[in-house]
Chemist: 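Have a look at this one.
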Amino acid sequence: TGMMARVRDVMAASMAAGAGVPGPSYPAIGGQHAEYTAAKLTAFRDGTVWGKDKEANVIMSQAAKGLSDEEILSLASFLQGLHKTEQAAE
């Protein structure tokens, strides 16, 4: 569905388990508070881009631009429920 494609895009930036990728651009988001995540996703959806020039992070703005308020809340709740596993921690 459309929502699942958007969720896949958002999750791709932080890996499926929310563990992140080494480096500041792809933080671990699994277990993050839903309110914080929802606020950040809303800001991304509304066009906020952090950084300038080559350091600008436009990936999340592109991934979140089509999310509805309901989808943002659902995704934030889902991410809050993710926690590190031994495999994700390696």
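Just the heavy atoms: all of them, side chains too, but no hydrogens, waters or symmetry mates, feed the values below.
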Chemist: Applying a strict under-4.5 Å side-chain criterion to I, L, V, M, F, W and Y, I'd like to know whether Leu73 and Leu82 cluster together.
Modeler: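 No; Leu82 is not reachable from Leu73 via cluster members.
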Chemist: Can you list everything that forms a side chain to side chain contact (heavy atoms under 4.5 Å, CB included) with Ile72? Sequence neighbours excluded, please.
Modeler: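 Counting only residues at least two positions away or on another chain, Ile72 forms a side chain to side chain contact (heavy atoms under 4.5 Å, CB included) with Ala38, Leu41, Thr42, Arg45, Leu67.
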Chemist: If the condition is side-chain hydrogen bond (donor to acceptor under 3.5 Å, both in side chains), which residues does Glu35 pass it with, not counting sequence neighbours?
Modeler: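 side-chain hydrogen bond (donor to acceptor under 3.5 Å, both in side chains) list for Glu35, sorted by chain: empty.
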Chemist: So, do Leu79 and Gln32 sit near enough that their side-chain heavy atoms are less than 4.5 Å apart?
Modeler: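 No - every pair of side-chain heavy atoms lies 4.5 Å or more apart.
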Chemist: Applying side chain to side chain contact (heavy atoms under 4.5 Å, CB included), name anything that partners Ala43, two or more places apart in sequence or on another chain.
Modeler: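 Applying side chain to side chain contact (heavy atoms under 4.5 Å, CB included) to Ala43 gives Thr48, Trp50.
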Chemist: What residues form a side chain to side chain contact (heavy atoms under 4.5 Å, CB included) with Ser61, not counting sequence neighbours?
Modeler: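 Partners of Ser61 by the side chain to side chain contact (heavy atoms under 4.5 Å, CB included) criterion, ordered by chain and then number, come out as Phe44, Val49.
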